[in-house]
Number of protein chains: 2
Amino acid sequence: MDEIDRKLIEALSEDARQPLSALGAAVGLSQSAVNERIRRLTDRGAIRRVMADSDPEALGLPVLAFVWLALADGASEAGFRAFAAADPAIIACHHVTGQWSYLLQVRLPSLAGVELFLAALKAGGWLGRSETMLALTEVVAPPFRYRGA
Amino acid sequence: MDEIDRKLIEALSEDARQPLSALGAAVGLSQSAVNERIRRLTDRGAIRRVMADSDPEALGLPVLAFVWLALADGASEAGFRAFAAADPAIIACHHVTGQWSYLLQVRLPSLAGVELFLAALKAGGWLGRSETMLALTEVVAPPFRYRGA
DNA sequence: TGTGAAAGATAGATAGC
DNA sequence: GCTATCTATCTTTCACA
């Protein structure tokens, strides 16, 4: 992972459909050297995948909510993690320091969807305490990976 | 944006390098019909880009911090937004409801980096109040777009 | 919008150096 | 790592449904 690898990943993060020749020109290597580096970066897992970044609004998911969660007493951590991994509305879930145990980032069709989501958390027996904040403007928008309805 | 479009975006979100023939087989359309749909989805902006999702740890950015921020009195909103857009450590920045004005998601090389980041926020005159939480486990990992050192 | 087919352009993969 | 070659894939275009 040298400076050239970093530049390649930066360029591919911007646009992964650039020809190898363009990448080569950008970093000062031949097309095949670039190809070989990308192969190695992918094998090592430094590049995890090449994916489409899509617009959540176009997919009918305009609402982004941040949900702070303290698990219910006695709820299984492993069970909750399986639940989070399975729900396509959950675009990120981190175990965090501080007074809450998890921070969820959720994409939903509407505010009503937020209410349904919280109800599902409660019905699953996961929800101890929680606090929800809604995203207004996206000042720096992270990539969005659509995981299905 | 019908069911087929959604399936295409879901498949491309998983792996954007599949041949059109494979996508066609998955959704029950010909290669040329798939090609045409992807072109339209891209033109409309439903597909924003095709990018590499990389591993922040491999890039020397193992620390993810959530920084809740209330802007300093008199700080310019526009100025702060330009600052956020320019700093590659900031992978997401949302204006949010509730007691804080912004939520920043920041990728950094170390805990010392978090301290430096907060110091830079303060030095820029943006920081009113703030509260930082560190991510421990990534239960559901969002895609990561490397924006450079 | 979609199908099927065919031509041409492009880029990825491979092998020898 | 480079150059050259081979091959898979994409793109474009057509006639037709």
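Here the structure is a predicted model, which is why all the values come from computation and not from measurement. Quick note on labels: first sequence line is chain A, next is B, and so on, each numbered from 1.
The line from CG of B:L12 to CG of A:D53 is 12.0 Å long, rounded to the nearest 0.5 Å. The line from OG1 of A:T137 to NE2 of B:H94 is 9.5 Å long, rounded to the nearest 0.5 Å.
Using a cut-off of 4.0 Å between Lys/Arg side-chain N and Asp/Glu carboxylate O, B:D5 and B:R37 are scored as salt-bridged. By the 4.0 Å N-to-carboxylate-O rule, A:E36 lies close enough to A:R39 to be salt-bridged with it. A salt bridge does not link A:E10 with A:K7: every distance from a Lys NZ or Arg NE/NH1/NH2 to an Asp or Glu carboxylate oxygen is 4.0 Å or more.
Nearest heavy atoms, B:Q18 versus B:A11: NE2-O, 3.1 Å. Across B:R147 and B:P88, no two heavy atoms sit closer than the pair O-CB, 3.5 Å. In terms of heavy atoms, A:L41 sits closest to A:I9 at CD1-CG1, 4.0 Å.
Evaluation of the salt bridge (charged side-chain N to carboxylate O under 4.0 Å, His left out) test over residues 104-124 of chain B, restricted to residues two or more places apart or in two chains, returns B:R107-B:E138.
Contact annotation for A:S30: base contact, defined as any heavy-atom pair under 4.0 Å involving a base atom.
Protein chain B contacts DNA chain D over a range whose 5' and 3' limits, counting nucleotides with an atom under 4.0 angstrom from a non-hydrogen atom, are D:dC10 to D:dT12.
At least one side-chain heavy atom of A:L23 sits under 4.5 Å from a side-chain heavy atom of A:L8.
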Less than 3.5 Å apart, which donor and acceptor atoms pair up between the side chains of residues 57-75 of chain A and the rest of the protein, not counting sequence neighbours?
none

Please tabulate, one pair per line, each protein N/O and nucleotide N/O from nucleotides 12-15 of chain C that are separated by under 3.5 Å, including the distance.
from: C:dG12; atom 1: OP2; to: A:L20; atom 2: N; distance (Å): 2.9
from: C:dG12; atom 1: N7; to: A:Q31; atom 2: NE2; distance (Å): 3.4
from: C:dA13; atom 1: OP2; to: A:N35; atom 2: OD1; distance (Å): 3.0

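We find that CD1 of B:I38 is positioned 15 Å from P of C:dT1, with the value rounded to whole Å. In this structure, B:R37 atom CZ and C:dT1 atom P are separated by 8 Å, rounded to whole Å.
Residues of residues 40-51 of chain B that place a heavy atom closer than 4.0 Å to DNA chain C, in numerical order, are B:R40.
Shown here is B:R40, whose CZ atom has more than 12 heavy atoms of other residues, nucleotides or ligands within 6.0 Å.
A continuous path of hydrophobic side-chain contacts links A:M1 to A:I4 [ILVMFWY only; heavy atoms under 4.5 Å].
Nucleotides D:dA15 and C:dA9 place their C1' atoms 22 Å apart, quoted to the nearest Å.
Stem regions for DNA chain C, each three or more consecutive Watson-Crick or G-U pairs with both distances under 3.5 Å and listed by first number, read C:1-6 with D:12-17, C:9-17 with D:1-9.
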